[in-house]
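Position 1 is the first residue of the sequence, and the numbers go up from there.
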Amino acid sequence: MLNIYSRSDAAEGAMSAVHPIEPDEGGESGWCDITPEMVWIDLYTPDREEEHYVEGVVGLNLPTREDMEEIEFSSRLYVDDGAAFMTAQLAFHGGQDQLQSGPVTFVLHEEHLITIRYIDPKSFSIFADRVVRQPDLCSYPAEAFGNLLDVLIDRTADLLERASGMVEGISSRIFAPKKGRNLEKVLRELGGCQSDTARIRDSLVSLGRLLLYARGLPLDLIGTKEAYDAFHEHLRTLEKDVSSLNDHAAFVSGNIAYLHEAALGMINLEQNTTIKIVSVASVAFLPPTLIASLYGMNFEYMPELHQPWAYPVVVGAMIASAVGPLVWFRIKGWL
C-alpha cells in the first residue's frame with residue numbers, strides 16, 4: 001500500500017490541507033506523479049511494483065525487507081545518494097496477547113520523507129490523522145520526521161505505562177491473603193510483562209540510537225539554518241524523553257524480577273508449610289502406630305491380651321503418645 005501525504009496549494013506557499021493520495025488517482029499508468037510538495041510517502045507492506053515506482057521517482061535504492069531486518073549498525077543507520085536511511089525496531093500491538101515488534105525504515109530526503117514498514121503500529125494512523133487536521137506538522141520532510149518520531153515515542157510511553165500498571169496489579173495479588181491467590185497464573189503473567197517490557201526497552205534503545213544519528217545529519221538534508229536548529233532542538237527534547245522512558249523501563253524490569261523472586265518465595269513458603277504439616281502429622285502418629293502394631297501381633301502369650309483394662313490403657317497410651325509430641329512442638333514454637 002502506497003500513501004502519499006501532500007501539501008496543497010504549495011505554489012502559493014499555502015498549507016490548507018494535507019491528504020493521502022492513492023496510486024490509482026492519476027496518470028494513464030494508474031500512478032500519481034510525485035512532486036516536491038508530496039512530503040511524506042508511506043510504504044506499508046509494499047509490493048515490488050510500488051517499490052520500483054518510488055525508487056524511480058525519487059532516484060533512491062530503497063532497502064528490502066531483508067535489509068531492514070539486519071542488526072548491524074551500518075545496515076540500519078547510513079547516508080546514501082544524498083538521503084539518510086534510518087531503521088528502528090518498534091514495539092506495537094499486533095493482535096496478540098503480548099506486544100510484537102518489527103523494523104521501520106525512515107528515509108529522509110531533502111524533498112521527501114519515506115517510511116517503509118511491514119508492521120502496522122497505531123502510531124502511524126494517529127500521526128496521519130493529525131497531519132490531516134494540522135498540515136503544519138508535515139510542512140517539510142525533516143519536520144514530518146521529527147513529529148512522527150514524537151508520536152512513536154509517545155505511543156511507546158503509553159505501552160510502558162500499561163505494562164507498569166499490569167505489574168502493579170500483579171504485585172498486589174502476590175502479597176494479598178492466600179485465599180484466591182493463583183501463583184502459577186501470576187508467574188505466567190509476570191513472564192508476559194517481562195516480554196512486553198523487553199520489547200519496549202529494545203524499541204527505546206533503537207529509537208535512542210536513531211535520534212543520536214539524526215542529530216548528526218548534514219544541513220542540506222534538513223533545509224534552512226532556522227529549520228536545522230529547530231530540528232536539532234526537537235531531537236534533543238525527544239532524546240530526553242527516550243532517556244527518561246529507558247530509566248522507567250529499567251525500573252519496571254527490576255520490579256518484575258523482584259516480583260518473580262517474591263512469587264517463587266511464596267510458593268516455597270506454601271510448599272514448606274505443607275511439608276511441615278505432613279512431617280508433624282507423621283511424627284505425631286508414629287508412636288500410636290507403633291503401639292497399635294505391637295498389639296496387632298498374633299503371639300499366643302501376650303500378658304495384657306485377656307485383661308479387661310488392656311484396651312482402654314492401650315488407647316490412652318496411643319492418645320498420650322500422639323498429643324505429647326504436639327505439645328512439645330508447640331512449646332518449641334515449631335507450630
Original post:
After noting the C-alpha distance and the side-chain angles of E72 and R76, does the key distance pass the salt bridge (Lys or Arg N to Asp or Glu O under 4.0 Å) rule?
Top reply: CA-CA 7 Å; E72 294 89 347; R76 285 181 168 249; over 6 Å; no
Subject >> Straight-line distance of I222 CD1 to F231 CZ, nearest 0.5 Å >> reply: 4.0 Å
Original post:
Could you give the distance from CG (L259) to CD1 (I174), rounded to the nearest 0.5 Å?
Top reply: 4.5 Å
Original post:
So, do D150 and F127 sit near enough that their side-chain heavy atoms are less than 4.5 Å apart?
Top reply: no
Original post:
Is it the case that T87 and T105 place a side-chain donor and acceptor less than 3.5 Å from each other?
Top reply: yes
Original post:
Can you find a heavy atom in the side chain of E143 that is under 4.5 Å from one in the side chain of L137?
Top reply: no
Original post:
Nearest heavy-atom pair of A84 and L217: which atoms, and what distance?
Top reply: CB-CD2, 3.6 Å
**OP:** Please check if the side chain of E261 supplies one atom and the backbone of Y258 the other of a donor-acceptor pair under 3.5 Å.
**Re:** no
Subject >> Atom of W40, atom of C138 and distance for their closest heavy-atom approach >> reply: CB-SG, 3.9 Å
**OP:** Measure the spacing between OG of S125 and CZ of R130 and express it to the nearest 0.5 Å.
**Re:** 10.5 Å
Original post:
At their closest point, which heavy atom of E70 faces which heavy atom of S75, and how far apart are they?
Top reply: CB-CB, 3.6 Å
**OP:** Hey, could you give me the CG/OH distance between D220 and Y228, rounded to the nearest 0.5 Å?
**Re:** 9.5 Å
**OP:** For residues D80 and L60, report the shortest heavy-atom separation together with the two atoms involved.
**Re:** O-CD2, 4.2 Å
Original post:
Are any of the side-chain heavy atoms of L245 and I153 separated by less than 4.5 Å?
Top reply: yes
**OP:** May I ask you to check whether T64 and D67 show a side-chain donor-acceptor distance below 3.5 Å?
**Re:** yes
**OP:** For A249 and T197, work out which heavy atoms get closest and say how close.
**Re:** O-CG2, 3.8 Å
Subject >> Min side-chain heavy-atom separation L43-T115 under 4.5 Å >> reply: no
Subject >> Pairs meeting criterion salt bridge (Lys or Arg N to Asp or Glu O under 4.0 Å) with involvement of residues 193-204, two or more places apart >> reply: none
**OP:** Give the ring-plane orientation class for H109 versus H112, where under 30° counts as parallel, over 60° as perpendicular and anything between as tilted.
**Re:** parallel
**OP:** List the steps, then state whether salt bridge (Lys or Arg N to Asp or Glu O under 4.0 Å) holds for R162 with D158.
**Re:** CA-CA 6 Å; R162 177 179 176 274; D158 293 340; over 6 Å; no
Original post:
What is the distance from atom CG of L152 to atom OG of S123, rounded to the nearest 0.5 Å?
Top reply: 4.5 Å
Original post:
When you measure from the centre of the six-membered ring of F92, is the NZ or CZ of R155 under 6.0 Å away and within 45° of the axis?
Top reply: no
Original post:
Under 30°, 30 to 60°, or over 60°: which ring-plane class applies to F145 and F106, parallel, tilted or perpendicular?
Top reply: perpendicular
Original post:
Quick check: does any side chain N or O of Q100 sit under 3.5 Å from a backbone N or O of H93, one acting as donor and the other as acceptor?
Top reply: no
Subject >> S206 OG to Q89 CD distance, which is reported to the nearest 0.5 Å >> reply: 6.5 Å
Subject >> Summary of salt bridge (Lys or Arg N to Asp or Glu O under 4.0 Å) pairs that have at least one residue in residues 235-250, sequence neighbours excluded >> reply: R215-E239, E233-R236
